[in-house]
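Let me begin by presenting the structure, written as C-alpha cells, before commenting on it.
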Amino acid sequence: MPTPTAFFQGQYVPLEDAKIGVMTHAFNYGTAVFEGVRGNWNDEEGQLYLFRVRDHIRRVLESSKIMRLGVQYSEDEIVTTVERVAEMSGFREDVYIRPLVYKSDEVVGLRMHNLAEDFLVFVTPFGAYLDPEAGVRCVTSSWRRVDDTMIPARAKVTGLYVNNAMAKTEAELNGVDEAIMLNQDGHVSEGSGENIVMMRHGRLVTPPPSDNILEGITLETALEIAKRELGLEVERRTIDRSELYIADEVFMTGTAAHVTPVTEIDRIPIGDGEFGEVSRLLQRRYFEAITGRIPEYADWLTPVYTGAAVEA
Ligand code: PMP
C-alpha cells in the first residue's frame, strides 16, 4: 500500500501530519514559490521515473531568489529530498510532486523581508490533466496574463496563480478545456498552466520569455525532441491572437498537461480540427521519453525505486 509522505519542518512525516497554522504568512498573502515535478509510472518495469527533477529544483531556487525567499537547503539536498519523498510514498501510478518554499512566520504584515521561511515537499497521485486523446479546446481569456512589472512572471509564485485560476475557470464555465492568456500588450502569452507553440510555414513558433511566459521545462523538452527527430528549429517571437487561428498546428506543453494538441480556439478549428502530424509525433515521443522508453533521453529521468521492486 502506498504511504503518502511529506517533507515538512525538516522531517519526513505522513502527509496527513503536514499541517500549517491559519496565520501562516504564505497562506494569507501568497508569499511562496513552488514547483511541480511529475513521476511517470512504467508498468512493465515496475518503475516510477521522475522527469527533469534537477531542472525543476533549479527553477524553484531561481523563483526563490527573485522573491527574496531564503532556502536553507542546497540544490543537491532538495533533489535528494524530492526523490526520497517519492520513494517513501510508494505509489505505483503517475504522481505529481510539489516542492514549495514559503514564508512560514505566523504574523500579520505585508512584506517579503524579516520573515522566517521554510521548505516542504509533498506528493499526490495525478493522472491526465488535459485529455491527451481528445486534445484541447481553448478560448482566449478575458483575463490578461500577469505582467512582470506586477508579479515576477517567470517565477512560480503561489499568489500569482489566482490569475491563472480565474482564466481556467472562465474557460471551463464557458464549456471548453483551457484558456489562452494574452499579455498586457494583447499578444499571446500562454495557457493557464501550459506554454503554447504553433506550427506555421513549416516552423515552430513560440512566444519569447519577455512576453511574460513561464519558461517551461516541457516546452524545452518538446523543442529538443522536435530538433533532434524532425530537424525543426524554433522561432521565439511575439504571436498575435489571430495568427493562432490560421496556424497549421497548435499544441500546449506543461508538466501537468504533457504535450497536448489544440483542436480549436474561440470555436475556430485549428488546421482541420484534427491532430496535426508534428503535434502527434511530439506527443507520442514525449510520452515514450518520460516513461523511460527511449534510452537516448534517459538523462532526463531519475528512477525512484532503486532497491527491490516496490511491493504490488
Ligand atoms: N505556464 C504556467 C503558468 C505553468 O504553471 C506551467 C506549469 N509549470 C507551464 C507554463 C509549463 O511549465 P513546465 O513545462 O515547466 O511545467
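All residue numbers in this chain count up from 1 along the given sequence. Remember, it's 1-based here, ligands and their atoms both numbered in the order they're listed.
- Nearest to atom 11 (C) of ligand 1 among the protein's heavy atoms is N195 OD1, 3.6 Å.
- A donor atom on one side chain and an acceptor atom on the other are not found under 3.5 Å apart for E194 and T253.
- The closest side-chain donor-acceptor pair between R98 and Y96 falls under 3.5 angstrom.
- On a distance-only criterion, S192 and ligand 1 share no N/O pair closer than 3.5 Å.
- Ligand 1 has no nitrogen or oxygen under 3.5 angstrom from a nitrogen or oxygen of H56.
- Of the N and O atoms on the side chains of N42 and Y49, not one donor lies less than 3.5 Å from an acceptor on the other residue.
- For the residue pair S104 and E117, no side-chain donor N or O sits within less than 3.5 Å of a side-chain acceptor on the partner.
- By heavy-atom distance, the residue among A256, A222, G254, G193 lying nearest atom 9 (C) of ligand 1 is G193.
- Here the two rings, on Y286 and F51, have centers that are under 6.0 Å apart.
- Protein heavy atom closest to atom 16 (O) of ligand 1, with residue, atom name and distance, is T255 OG1, 2.5 Å.
- At a heavy-atom cutoff of 4.0 Å, ligand 1 is contacted by the side chain of R59 but not by its backbone.
- Proximity of E220 to ligand 1 is not established, as no heavy-atom distance is less than 4.0 Å.
- Ligand 1 has no N or O atom lying under 3.5 Å from any N or O atom of E215, backbone or side chain.
- Of all atoms in ligand 1, numbered sequentially from 1 with element shown, those under 4.0 Å from a heavy atom of Y161 are 2 (C), 3 (C), 4 (C), 5 (O).
- Rounding to the nearest 0.5 angstrom, the gap separating the CG atom in N40 from the CD1 atom in I290 is 3.5 Å.
- Between the side chains of T238 and H187, no donor N or O sits under 3.5 Å from an acceptor N or O.
- Counting the atoms of ligand 1 from 1 in the order shown, those under 4.0 Å from a heavy atom of G216 are 12 (O), 13 (P), 14 (O), 15 (O).
- Within the 4.0 Å heavy-atom criterion, the part of N164 lying near ligand 1 is the side chain and not the backbone.
- Rounded to the nearest 0.5 Å, atoms OG1 (T24) and NZ (K19) are 12.5 Å apart.
- Close approach to I217 involves these atoms of ligand 1, each under 4.0 Å from a residue heavy atom: 13 (P), 14 (O), 15 (O).
- Here the protein heavy atom with the shortest distance to atom 14 (O) of ligand 1 is T218 OG1, 2.6 Å.
- Counted by atom type alone, E274 and T263 present zero donor-acceptor pairs between their side chains at under 3.5 Å.
- Closest protein heavy atom to atom 1 (N) of ligand 1: E190 OE1, 3.0 Å.
- Electrostatic pairing of R54 and E75 counts as a salt bridge here, judged by a charged N lying under 4.0 Å from a carboxylate O.
- Contact between E35 and ligand 1 is absent, with no heavy atom of the residue lying under 4.0 Å from the ligand.
- Close approach of ligand 1 to K156 (heavy-atom distance below 4.0 Å) involves ligand atoms 4 (C), 5 (O), 7 (C), 8 (N).
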